[in-house]
Amino acid sequence: MKFTILFSLAASLLLLSCQGKNTSGSADSNPETQASPAVRIPPFSADSAYRYIAEQVAFGPRVPGTEAHSRCAGYLAAELRRHGAQVTRQQAEVTRYDGTPLAITNLVGSFQPENPSRILLMAHWDSRPWADADPDPENHRKPIPGANDGASGVGVLLEIARLIAQDAPRLGVDILFFDAEDAGTPQWDKTPGENDESTWCLGSQYWAAHPHREDYTARFGILLDMVGGRGATFYQEGYSLDYAAPVVAKIWSQAAALGHSQYFPDQPGGYVTDDHLPINRSGRLPVADIVPYDRENGGFCTVWHTMADDLSFIDPATLRAVGETVAAVVWQEE
Ligand code: AHN
Ligand code: ZN
């Protein structure tokens with residue numbers, strides 16, 4: 001990747017608007033309206049993000065309580081540490097929809113932990129125990145590979161961690177991997193009409209009530225969920241618009257400036273019960289969710305909660321659109 005972004009979107013707009021007004025043609029000398037100095041955004045490698053996804057998938061399904069799950073936690077902590085983060089493992093016991101106690105681990109990698117100005121980047125690292133949306137009923141109780149649903153967001157954020165190690169942004173960054181997002185009530189165990197919202201996002205519900213640092217806050221947060229699917233479209237999710245409209249505007253305008261509007265249409269999508277919701281409701285910080293919506297087929301994506309959510313569904317072009325956009329937001333923040 002050869003490009004270097006020389007001006008922020010805001011700076012470019014400023015320059016454009018100044019051209020119209022400045023009849024003398026002289027350079028703008030008013031410090032109030034001068035473009036901010038160029039910021040270098042390190043080049044996001046989609047191939048590297050893809051490798052991080054493949055490494056997670058290779059452990060097998062990351063279902064809480066399994067050996068693959070605990071081995072993957074060790075891998076994620078080691079990768080964050082390798083990139084220079086201070087790692088906090090938050091362990092807790094939560095209760096699954098059916099009353100089963102679950103030992104969970106949320107992982108936090110903190111960069112510049114002493115910096116009071118922070119950005120929080122999130123994804124869930126667990127994978128769903130049941131392919132309950134699979135076309136073949138034989139698969140409804142088998143765990144999904146979770147390449148897109150789970151591993152993709154983590155892969156993009158591990159790549160961001162690698163970039164931070166090379167070229168630190170101005171703000172401190174926390175990369176937070178939530179456990180037990182995807183153990184919500186399976187379709188085959190659902191009492192019709194039952195409200196099962198609270199059975200999802202168990203790791204983020206825990207963190208929202210017990211942050212890894214008391215009084216933790218950040219300027220804003222971005223959640224990545226299912227961000228690697230071929231042909232994905234990330235419409236503006238409803239709760240994100242309700243709780244974090246300026247964050248949505250920041251992300252979608254950076255995507256447009258980078259030429260990624262095909263992936264990030266400037267249009268609202270539906271409401272998604274996701275890991276950002278407990279945090280937004282807590283009032284601690286505003287969080288926007290980058291989550292796909294498939295307008296043609298309805299739902300998130302065709303492979304959602306099926307055995308087909310494997311590496312073959314992951315497209316580096318989607319990873320690149322998301323990774324470059326998130327990197328632009330993080331490195332331009334001052
Ligand atoms: C519900 O289906 C209620 N929420 C979807 C959140 C999710 C599941 N994200 C990934 N897997
Ligand atoms: Zn899921």
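Computation of the quantities below employed the complete heavy-atom set of this structure, encompassing side-chain atoms and omitting hydrogens, waters and symmetry-equivalent molecules. For ligands, and for the atoms within them, numbers begin at 1 and follow the listed sequence.
Contact check for W130 versus W188: side-chain heavy atoms found under the 4.5 Å cut-off.
Each of N115, D174, T88 was compared with S110 under the side chain to side chain donor-acceptor pair (under 3.5 Å) criterion, and only D174 meets it.
For F59 and Y75, the ring centers sit closer than 6.0 Å to each other. For W207 and Y216, the ring centers sit closer than 6.0 Å to each other. Less than 6.0 angstrom separates the ring centroid of H69 from the ring centroid of W125.
Ligand 1 lies nowhere less than 4.0 angstrom from a heavy atom belonging to E197. The shell of residues lying under 4.0 angstrom from ligand 1, judged by heavy atoms, excludes R128.
The proximity of V291 to ligand 1, defined as any non-hydrogen pair under 4.0 Å, does not occur for either the backbone or the side chain. For D196, no heavy-atom contact with ligand 1 is shorter than 4.0 Å.
Salt bridge R128/D149: absent, no basic N to carboxylate O contact under 4.0 Å.
When only non-hydrogen protein atoms are considered, atom 7 (C) of ligand 1 lies nearest to E181 OE2, 2.9 Å. The single protein non-hydrogen atom nearest to atom 9 (N) of ligand 1 is D225 OD2, 2.7 Å, given as residue, atom name and distance. Nearest protein neighbour of atom 10 (C) of ligand 1, counting heavy atoms only, is D149 OD1, 3.1 Å. Scanning the protein for heavy atoms near atom 8 (C) of ligand 1, the closest one is D182 OD1, 3.2 Å.
Polar contact with ligand 1: present for T273 (N/O pair, distance under 3.5 Å). The shortest N or O to N or O distance between W200 and ligand 1 is not under 3.5 Å.
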Next item on the list: Evaluate the ring pair (Phe, Tyr, Trp, His ring centres under 6.0 Å) criterion for residues F264 and F234: first the C-alpha distance (whole Å), next the side-chain angles of each, then the deciding distance (0.1 Å), finally the verdict.
Entry: CA-CA 5 Å; F264 288 85; F234 305 103; 5.3 Å; yes
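Short contacts between ligand 1 and M226, defined as distances under 4.0 Å to a heavy atom of the residue, involve ligand atoms 9 (N), 10 (C).
Looking at S117, its side chain never comes within 3.5 Å of a backbone N or O of L171 through a donor-acceptor pair.
Centred on the Zn ion (ligand 2), the OD2 atom of D149 and the OD1 atom of D182 lie at an angle of 150°, reported to 10°.
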